[in-house]
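Numbered from 1 within each chain, the chains take letters A, B, ... in sequence-line order.
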Amino acid sequence: MSWLSNRDREVSSEDSNVLRDQRVEKLQSIREDGVEPYPYTFNRTREIADILEEFDGDLEEETKNHEKLAGRMVGFRDMGKACFLDLKDGSGELQGYTNVDLLGEDDYELLQALDIGDFIGVTGPIFVTNRGELSVKVKGFQLLSKSLMPLPEKWHGLKDVEKRYRQRYLDLLVNDEVKETFVARSKLISSFRRQLDDEGFLEVETPLMQPAAGGATAEPFVTHHNALEQDLYLRIAPELYLKRLVIGGMERVYELGKNFRNEGVSTEHNPEFTTVEIYQAYADYEDAMNLTERLIARGTEDAVGTSKLDVNGETLDLRPPWDRTSIVESVEKATGTSDLSETSAAELKSFAEEEGLDLPEEGDLSWGETVEFLFEEYVEDDLFQPTFITDFPTDVSPLAKTKRDGDRQLTERFEVFVGGLEVGNAFTELNDPLEQRERFSGQEDGETKDEDFLAALEYGMPPTAGIGIGLDRLLMAITGSDSIREVILFPAMRRKDE
RNA sequence: AGGUCCCUAGCUCAACCGGCAGAGCACUCGGCUCUUAACCGAGGGGUUUCGGGUUCAAGUCCCGAGGGACCUACCA
């Protein structure tokens with residue numbers, strides 16, 4: 001044990017308590033009896049879900065086949081010379097029955113001495129108890145791994161959210177719906193990959209550590225590369241690299257992965273979050289809307305089994321086509337105003353003040369920023385059914401192409417809302433290198449200028465549509481989760497020193 | 001970063017106006033050969049998040065620290 005650091009020793013002794021001490025003693029006595037508490041393997045024949053499925057409903061008499069099942073013992077009902085146990089594996093839970101005649105006295109005594117939380121392998125036929133519960137008749141068993149710490153109580157589960165996030169393994173173990181959420185997450189992600197692959201998109205990987213953090217307006221995390229003697233930023237978006245690939249002739253690419261933003265955490269924000277960004281040459285934002293609808297509707301169906309969801313008592317219907325409304329129109333409708341496009345920023349501002357809204361203090365808001373502000377105040381919270389909000393103002397959309405009808409005030413950009421959450425952002429990409437350079441310089445403290453990207457653009461980028469979808473947010477919407485932490489296995493937590 | 005609230009046994013929760021820190025499950029011992037939150041009897045288990053203060057007396061009141069939740073701000 002010399003490789004154990006002193007710190008580990010201290011921690012393990014500090015963690016000790018009566019219940020743990022009891023189990024350590026039990027572990028030793030099991031060893032002394034010649035039973036290895038941590039054997040290397042166990043060849044199970046079936047998973048529990050498989051058994052449950054096969055004998056769903058009726059089973060007249062016990063099976064001739066003996067199954068070998070393995071899992072964690074999560075319940076134990078001792079009746080002296082007979083007992084019942086609940087065995088849980090990754091697929092499901094099955095009751096086991098045995099008695100002293102089936103096991104013999106020595107083995108039976110060992111079984112009685114085991115704790116809830118221990119892993120065991122059992123062998124025996126499948127049968128139905130007098131009370132009608134499908135069970136395995138345990139004619140032999142083997143201890144597969146001794147647990148030293150007691151599991152949270154099964155009936156009430158684990159509720160303390162801090163403990164649930166810090167010790168997610170316990171949360172997954174005792175709260176079945178938590179596991180279901182993360183299974184849905186996995187299915188959603190694989191569905192996106194499958195769909196994009198099927199439509200001829202190529203999955204690529206671009207730098208997570210970038211010399212300039214671009215593609216969005218957000219505070220980056222800074223790190224330092226010693227040998228290169230330079231600071232690097234954890235990416236806030238993969239956008240500018242993916243466009244370089246389109247310039248390089250990769251006409252359909254996507255990247256599914258994490259972004260990092262050094263900003264506040266909230267029910268909708270985690271410092272690292274997962275997006276899929278998709279770029280398609282010779283497509284525009286109309287195509288992007290169609291693709292977004294398909295991806296999300298199908299992804300949801302693959303993840304949770306339906307695209308008509310019940311979210312907190314309301315039906316969220318994700319089947320295309322979705323509502324498409326321009327941001328200006330949505331604000332006009334919600335505020336009962338008109339001719340927003342002809343109204344100056346100053347007039348909008350005084351309108352907002354008359355309505356008693358608190359405008360952001362610093363700096364003068366541009367026309368576009370004011371429109372966006374009014375949208376957030378009046379419209380955003382009421383969006384529940386999937387909706388595309390289109391044609392964002394140019395001054396809040398530095399990477400999007402302006403409208404093809406010549407309106408320089410607006411861009412071909414949309415944000416997509418599902419269940420009231422902003423889950424995506426997309427546009428017809430600005431591919432005029434000179435205009436792009438100008439738009440960057442017009443930004444005050446927003447977009448970091450990526451000179452290398454601007455240089456790449458000058459070699460020519462085809463007409464292209466780009467989409468970004470926030471997978472954490474989307475998962476929140478389709479699982480009805482009220483916090484992003486419920487859909488991230490290990491959400492950001494402040495370090496807790498003991 | 002600011003505001004409000006929370007932290008009691010392994011887990012879920014009690015403890016009135018400041019008066020001996022409790023229950024259920026889990027654990028230990030005894031009983032019980034078809035139970036299912038098994039049941040019956042007995043028992044062990046606490047630095048009440050941590051550090052100060054007020055008081056004859058603090059889980060409870062006051063101050064500070066740590067962690068968490070929610071709201072606001074930045075953002076997706």
If I pick the P atom on A23(B) and the same atom on G46(B), what distance separates them, to the nearest angstrom? 14 Å
From [options], pick the nucleotide closest to the side chain of [X]?
X	options	value
L158(A)	C32(B), U33(B), C11(B)	C11(B)
T267(A)	U33(B), A37(B), C70(B)	C70(B)
I116(A)	C27(B), G68(B), U33(B)	C27(B)
W155(A)	C74(B), G44(B), A37(B)	A37(B)
E162(A)	G24(B), C27(B), G68(B)	G68(B)
H156(A)	U33(B), C34(B), A37(B)	A37(B)
K163(A)	C11(B), A69(B), G67(B)	C11(B)
M493(A)	U12(B), A69(B), C27(B)	A69(B)

Quick one: label [X] by what it contacts on the DNA or RNA (base, sugar-phosphate, nothing), any heavy atom closer than 4.0 Å.
X	answer
K154(A)	nothing
V100(A)	base
F76(A)	nothing
E133(A)	base
N270(A)	base
E422(A)	sugar-phosphate
G75(A)	nothing
D472(A)	nothing
G264(A)	base

Return yes if the base of [N] and the side-chain atoms of [X] contain a donor-acceptor N/O pair under 3.5 Å, otherwise no.
X	N	answer
E153(A)	G24(B)	yes
Q22(A)	U28(B)	no
D101(A)	U33(B)	yes
Q95(A)	U35(B)	yes

For the rings on F375(A) and F417(A), is their centre-to-centre separation under 6.0 Å? yes
Between Y97(A) and F84(A), is the ring centre distance below 6.0 Å? yes
Taking R72(A) first and then D89(A), would you say they form a salt bridge - that is, a charged N and a carboxylate O separated by under 4.0 Å? no
Quick one: pull up CG in L245(A) and OH in Y279(A) and give me the separation to the nearest 0.5 Å. 10.5 Å
Would you say that L27(A) contacts L148(A) through its side chain, given a criterion of any heavy-atom pair below 4.5 Å between the two side chains? yes
Does R131(A) make a side-chain N or O approach to OP1 or OP2 of U36(B) shorter than 4.0 Å? yes
Phosphate-side-chain proximity, K496(A) and G66(B), N/O vs OP1/OP2 below 4.0 Å: no
Looking at T394(A), L399(A), D395(A), which one forms a side chain to side chain contact (heavy atoms under 4.5 Å, CB included) with R439(A)? T394(A)
